[in-house]
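Before any comments, here is the structure.
Each chain gets a letter, A, B and so on, in the order the sequences are listed, and its residues count up from 1.
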Amino acid sequence: MTIEVNTPTLSPSSTDARSLRPLLEWLARRAEPVAISLGAILAGLALFSLFILVVGKSPADLFRLMYTGGFGSWFSIQNSLSRAAPLLLTALCVALPARLGLVIIGGEGAVVLGGVAAAAIALPLTASVSPIVVIPLMAIAGMIAGGIWIGLAGVLRHYRGVNETIASLLLAYIAIALMNHFIEGPLRDPASLNKPSTAPLPAEYMLGNIPGMDVNWGLLVGIVACIIAWVLIEATSFGFAARIAGGNVRAAQIQGLPVGRLIVGFTALAGSSAGLAGMVEVAAVQGSANASLAAGYGYTGILVAFLARHNPLAIIPVAILLGGIDASGGLIQRRMGLPDATVLVLQGTLFVVILFCETFYGRFKIFNPDLWKSPSLSGRPNLSGRTA
Amino acid sequence: MDETGIGIWGVPLAIFAGAIRVSTPFIFVSLGESITERSGRINLGLEGTLVFGAMTAYAIAVMSNSPWLGVLAAMATGAVFGLIHGWICKFPKVNDIAIGIAMMQFGLGLAFFLGKPFIQPVAPHLPSIPLGGWADLPQIQSALNINVLFVIGALLSVALWWAFKNTRVGLILRVVGDSSDAARAMGLNPDTVRLLATAVGGSLAAVGGAYLSLFYPGSWNEGISSGQGLMAVALVIFARWNPIGCFLAALLFGGAGALGPALQSVGVTHGYYLFYAAPYVLTLVILVATSSPTRSLAGAPGALSITK
């Protein structure tokens with residue numbers, strides 16, 4: 001508890017400092033999330049280094065390999081970008097509902113169903129309809145399937161008061177059971193023997209690579225989706241209303257905002273984003289719907305979204321970074337004899353430390369202009385309304 | 001499978017046996033979570049604790065050749081996970097639900113990392129009590145082959161139910177869970193109580209994991225848990241934070257989980273993957289039926305964030 005003892009007349013402030021002040025305030029507020037996030041990442045890496053030392057390996061070697069495997073060559077950069085593509089879309093599945101204060105962790109279910117829906121709509125059409133029609137249809141089917149799935153969690157949240165975190169996770173398990181049912185039953189290709197899957201898509205019905213790169217079009221789809229989501233949140237009245245409802249549901253209801261429609265709309269959009277990730281996985285990577293769809297992209301997406309503080313533009317670099325870490329897993333395994341789960345330990349450590357560091361927001365005077373000594377602003381309550 | 005003995009009666013028997021076999025991890029995780037939630041905090045990280053407990057128990061049992069030492073070691077690591085969760089959550093602005101998700105990923109990662117060398121070796125199993133010795137049919141004998149941990153879990157749920165009502169510790173937990181301010185007025189430190197409650201909850205969840213790796217299915221691998229830790233959170237809500245309710249709900253979930261394998265064993269294979277979704281569908285249906293958009297749940301601890 002600080003008691004303001006300065007009286008206005010005692011505080012020194014020259015006219016120069018006063019004219020610089022708006023700029024400094026702006027810088028301070030912008031610097032806080034960047035500084036705290038970077039500090040958290042460094043602290044997480046330090047803890048992880050400690051762990052690696054304890055198991056008897058060299059952290060320096062590990063980080064060097066991680067760089068080599070993730071970003072050290074054009075080949076590894078392309079590999080990282082390929083792995084980032086689904087993460088962009090699954091992170092949006094967490095970040096969009098987070099604007100409304102909802103924690104959705106079942107993106108994996110939307111990925112899986114999006115993939116199955118894409119395959120299910122494409123396979124009967126591949127004999128007669130042109131790829132130019134079928135590929136967009138696959139994307140739409142994937143988005144609808146994923147959107148319904150996560151949108152359902154939103155419906156249950158708003159109209160029944162069911163906790164969305166648990167509901168979305170249960171829906172993810174149900175989705176995986178549904179996928180197994182389809183790829184083992186009605187959609188199974190008899191030719192797939194020990195790895196059940198749907199029939200393969202003909203090559204011309206697959207999403208190819210971006211020209212000049214060994215990275216499929218999914219990357220571009222993901223980046224565009226992030227930009228659209230950013231515009232939606234920052235520049236439309238829909239996004240503005242969501243931010244109000246996320247801050248205080250009661251206030252939003254009193255102001256007559258359609259909270260129910262916002263919740264269902266945002267969760268459905270979130271799900272369609274993850275469903276699109278499933279479609280890309282089928283149409284660009286796997287070539288058919290099979291159990292590899294449940295590869296954990298939905299769960300890594302949670303981490304990406306939290307690291308990016310639910311900012312769709314920040315998701316782009318974070319997803320590429322985590323894609324790189326992911327891509328280096330194999331190299332670490334081969335060269336250092338560490339298990340492939342090393343990457344998971346690093347991700348988990350970073351995740352815990354970064355959430356822990358939320359506690360430092362508003363604690364450092366330097367980032368909070370309201371606490372700077374100033375005649376006009378001292379004692380003003382903090383109304384900055386930091387978004388989570 | 002052999003149907004000659006009891007024919008179609010094999011299905012309810014298999015579900016009954018399965019309910020007892022599958023429910024034990026649910027019992028321990030949900031009892032642990034009910035202690036934590038009674039203190040006003042929620043720990044979604046129990047899924048990670050469960051898996052890490054399974055790995056620890058298996059590894060220690062392999063090395064020491066004693067399954068009980070494995071269970072004890074799992075309890076210790078579970079308590080450490082709970083302490084970490086509880087310590088982090090006492091800082092302001094830290095979201096306990098998000099930390100739970102993070103601790104879940106951390107626990108899974110660490111368990112897969114450290115557990116890699118233990119996928120091959122075979123650990124000694126936990127003992128079970130052959131209550132079906134009187135019967136001639138092998139199906140009944142195996143159905144009544146009840147693990148010691150199931151019995152301990154059943155007794156523990158009654159003990160906890162009694163303790164919440166009648167003991168000083170139970171009262172302290174309930175006061176802290178209902179209102180931090182009331183607790184402070186009584187001279188209690190809510191953070192300390194919640195820290196300890198989270199640690200106890202973690203160690204019980206780890207016992208659930210130990211059961212998975214040391215009895216049923218009885219081996220350590222990376223897919224050992226399929227969301228039991230998280231479903232237990234829903235189960236506690238359904239059981240209204242009542243330990244005996246937790247026990248009964250765990251049996252119900254166990255029975256739902258045994259539906260798929262039971263049908264498969266009598267030759268029903270069509271669409272049986274859908275039956276694997278039964279426990280999740282059941283959980284969701286129960287959540288929908290018992291939640292309400294307008295009021296908080298009856299019996300919910302006042303300081304709990306998830307029911308608001």
Side-chain angles (χ1 to χ4, degrees), chain A residues 51 55 98 103 105 152-153 156-163 165-167 169-186 260 299-300 302-303 306 338-363 386 388, chain B residues 44-45 47-48 84-85 87-88 91-95 97-117 222 226-227 230-231 233-234 237 260 270-281 283-284 287-297 306-307:
Chain A
F51 171 75
V55 299
V103 184
I105 61 174
L152 192 57
L156 292 177
R157 165 79 216 192
H158 184 69
Y159 296 100
R160 289 298 314 164
V162 177
N163 179 275
T165 311
I166 297 173
L169 196 91
L170 292 170
L171 285 168
Y173 284 110
I174 296 170
I176 291 170
L178 279 175
M179 172 193 72
N180 283 328
H181 172 74
F182 283 120
I183 63 174
E184 296 267 4
Y299 298 109
T300 314
I302 304 170
L303 174 60
F306 273 91
L338 285 167
D340 48 358
T342 312
V343 170
L344 288 181
V345 178
L346 173 61
Q347 290 182 357
T349 314
L350 282 177
F351 199 175
V352 174
V353 174
I354 278 161
L355 288 176
F356 173 65
C357 288
E358 289 279 310
T359 193
F360 293 118
Y361 279 87
R363 285 241 194 134
R386 189 183 59 80
Chain B
L44 288 190
E47 175 79 9
I84 297 173
H85 185 278
W87 181 75
I88 292 176
F91 288 90
K93 290 186 192 165
V94 173
N95 177 336
I97 292 180
I99 285 287
I101 300 166
M103 286 296 290
M104 170 165 65
Q105 293 205 335
F106 178 69
L108 292 176
L110 208 56
F112 296 168
F113 183 98
L114 298 173
K116 203 83 194 174
E222 295 181 356
S226 42
L230 273 151
M231 284 160 72
V233 176
I237 298 173
H270 182 73
Y272 86 103
Y273 280 93
L274 291 180
F275 288 104
Y276 276 98
Y280 310 108
V281 173
T283 316
L284 196 61
L287 269 179
V288 171
T290 57
S291 300
S292 158
T294 49
R295 59 191 160 75
S296 67
L297 298 167
I306 203 158
T307 51

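Partners of A:Arg363 according to the side-chain hydrogen bond (donor to acceptor under 3.5 Å, both in side chains) rule, which considers only residues two or more places apart in sequence or in another chain, are A:Thr359. Partners of B:Tyr276 according to the ring pair (Phe, Tyr, Trp, His ring centres under 6.0 Å) rule, which considers only residues two or more places apart in sequence or in another chain, are B:Tyr272.
Only the side chain of A:Phe306 has a heavy atom closer than 4.5 Å to any heavy atom of chain B. For B:Ala278, no part sits under 4.5 Å from any heavy atom of chain A, backbone or side chain. The part of A:Leu156 that comes within reach of chain B is its side chain, from C-beta onward, which places non-hydrogen atoms under 4.5 angstrom from that chain. Within the 4.5 angstrom heavy-atom criterion, atoms from both the backbone and the side chain of A:Val352 approach chain B. Neither the backbone nor the side chain of A:Ile354 comes within less than 4.5 Å of any heavy atom of chain B.
Interface summary for chain A: among B:Val94, B:Ile84, B:Ile101, the most heavy-atom pairs under 4.5 angstrom belong to B:Ile101. The candidate with the highest count of non-hydrogen atom pairs below 4.5 Å against chain B, out of A:Leu169, A:Asn180, A:Asp340, is A:Asn180. Heavy-atom pairs under 4.5 Å with chain B peak, among A:Val55, A:Leu344, A:Val162, at A:Val162. Between chain B and the options A:Ala177, A:Pro186, A:Cys357, heavy-atom pairs under 4.5 Å are most frequent for A:Ala177. Interface summary for chain A: among B:Leu114, B:Leu274, B:Leu230, B:Leu108, the most heavy-atom pairs under 4.5 angstrom belong to B:Leu274. Listed options B:Ala234, B:Ser226, B:Gly45, B:Gly107 were ranked by heavy-atom pairs under 4.5 angstrom with chain A; first place goes to B:Ser226.
Looking at heavy atoms from C-beta onward, B:Met103 lies out of side-chain contact with B:Glu47 at the 4.5 angstrom threshold. Contact check for B:Tyr280 versus B:Leu284: no side-chain heavy atoms found under the 4.5 Å cut-off. Between B:Phe113 and A:Leu338 the shortest side-chain heavy-atom distance falls below 4.5 Å. In this structure, the side chains of B:Val281 and A:Ile174 come closer than 4.5 Å at one or more pairs of heavy atoms.
The aromatic ring centres of B:Phe91 and A:Phe356 sit less than 6.0 Å apart.
Nearest heavy atoms, A:Gln347 versus A:Leu303: CB-CD2, 3.4 Å.
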